Amino acid sequence: MHTLATVAVSSDQVPPSARTNVPSVLFVDQSGQLGGAEFSLMPLAATWGARREVLLLSDGPFRARLESLGVPVSLACEASVSGIRKDTLRLKWLGALPGIVRQVRAIARHAESFDVLFLNTQKALVLGALGKPLHRKRIVWYLHDVMSCEHFGPLQRLVVRWLTRYAVDHVIANSRASADALVALAHCAPEDVPVVHNGIDLEAFNSRHIFDIGALRRRLGLPENAYLAGLFGRLAPWKGQHIALEALARVADLHLVLVGSAMFGEDDYEKALHEQAARLGVEDRLIFAGFRDDMPAWMKAVDVILHTSTEPEPFGRVIVEGMAAGRPVIASAAGGVTEIVSHGRNGWLVQPANPVALAEAIETVRRAPEMAQDVANRARDDAAQRFSVDTYLNRMTSAIAGCAARAHDA
Ligand code: UDP
């Protein structure tokens, strides 16, 4: 792996489309669903200043979103490979071997006419990098995961370590937390894993123009006069919705809306959340909103935004979105979150998986609305300064173009 430290991130002011020498890129993503990695790929693929295509390894709403942005999309789906999940990896990969070989070949074939192969997810990394002897393209991997043993099994960590060392040309991490875990795993130099935080469409989340919160809540079917917390993100045990439910039971008259759905087979967890709500007697103060396309509206409609991940969050787009929406954010103090939120300055940090601490933080914010709004205003300014889409695009473009340029120099 070569260092990206020499790739300048100083040209933040140059729009990607105005750059010269932008390489053609095949972006590969394993998911047809809309998660953080996919949302971060959208503006990059949409504004890329040279020929580009997105190759998806599963079909789903992500494809339509990309196509609506004018991005050419192709599919290379293999049900046996899509069925492999982190927790079933050991059992399933052998049976999926023929599908794996077909996907490795398909990616390599697609990559032939591009300068750079940009791998945006774990499976894309494995399948794209394994095919390097076939396509011989420069590989950029955008790392969206904390590669710790809490998140990934030993086999997957071994494969990633090997590929990082021998097949990937450049890694870009979505947070220092993600970068540090990879450095520890692959024993590479920290400067070899530069960090580019996601950019958020700040204008879309700007709540300055919302004057009638009551009307907004009526439109969304939310309780008009209740003190309302919102938790945004897919339903999954490590996202900690169950911790929020326990906090809900501890805070009198608090209402909670969960926005997001079980996207990767976590239906049992969703069922368990309903059962937990019944057990705690909080059903009448809890709303399951499902997956929503209009996150800015939902965020602007709540009084406080919760983030409750029980494991280190690799980045946490929802936190920056909440900050951009000008709402107070209470987040789990682990992983990339601590690079975004500084406690008491632009939000509140609480110990992960601690419902008592979460309930206390909610009470603190509710008791002092003016102080909470001051903190939220500072958060909105921080989000604008540190997490704009322009900055993100320019840094990514510099990194990818730098990677391709070194191929020519070599
Ligand atoms: N999101 C959405 N609708 C939903 C739930 C989530 O559009 O109902 C979006 C959310 O706005 C954010 C992304 O999904 O941009 C989740 O990214 P994050 O980094 O928070 O979590 P990840 O999915 O990467 O674990």
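Order of appearance sets the numbers: ligands from 1, and atoms from 1 within every ligand. Heavy atoms only: backbone and side chains are in, while hydrogens, waters and symmetry mates are out. Keep in mind the model is a prediction, meaning the values are calculated, not measured.
Those atoms of ligand 1 that come under 4.0 Å of a heavy atom in V318, given as number and element, are 10 (C), 12 (C), 20 (O). Residue G35 has at least one heavy-atom neighbour below 4.0 Å for each of these atoms of ligand 1: 23 (O).
For the pair R292 and ligand 1, the shortest N or O to N or O distance falls below 3.5 Å. In terms of polar-atom proximity, defined here as any N/O pair under 3.5 Å, V259 makes no such contact with ligand 1. Note: an N/O pair closer than 3.5 Å links G36 and ligand 1 by distance alone.
Using cut-offs of 30° and 60° for the angle between ring planes, the H242 and Y269 rings count as perpendicular.
Residue, atom and distance of the protein heavy atom nearest to atom 2 (C) of ligand 1 are M295 CG, 3.4 Å.
Atom NZ in K300 sits 14.5 Å away from atom CZ in R217 (nearest 0.5 Å).
Of the options R317, R234, K239, the smallest heavy-atom separation from atom 21 (O) of ligand 1 is shown by K239.
At a heavy-atom cutoff of 4.0 Å, ligand 1 is contacted by the side chain of E321 but not by its backbone.
Close to ligand 1: F39, with a non-hydrogen atom less than 4.0 angstrom away. Proximity of F315 to ligand 1 is not established, as no heavy-atom distance is less than 4.0 Å.
Residues N198 and Y142 have side chains that bring a donor and an acceptor to within less than 3.5 angstrom of each other. There is a side-chain donor-acceptor pair under 3.5 Å between S148 and E150.
Both tests pass for R51 against the ring of F114: distance under 6.0 Å to the centre and angle within 45° of the axis.
Between D293 and R65 a salt bridge is recorded (basic side-chain N to carboxylate O distance below 4.0 Å).
Residue pairs meeting the side chain to side chain donor-acceptor pair (under 3.5 Å) criterion with at least one member in residues 331-344, sequence neighbours excluded, are H197-E339.
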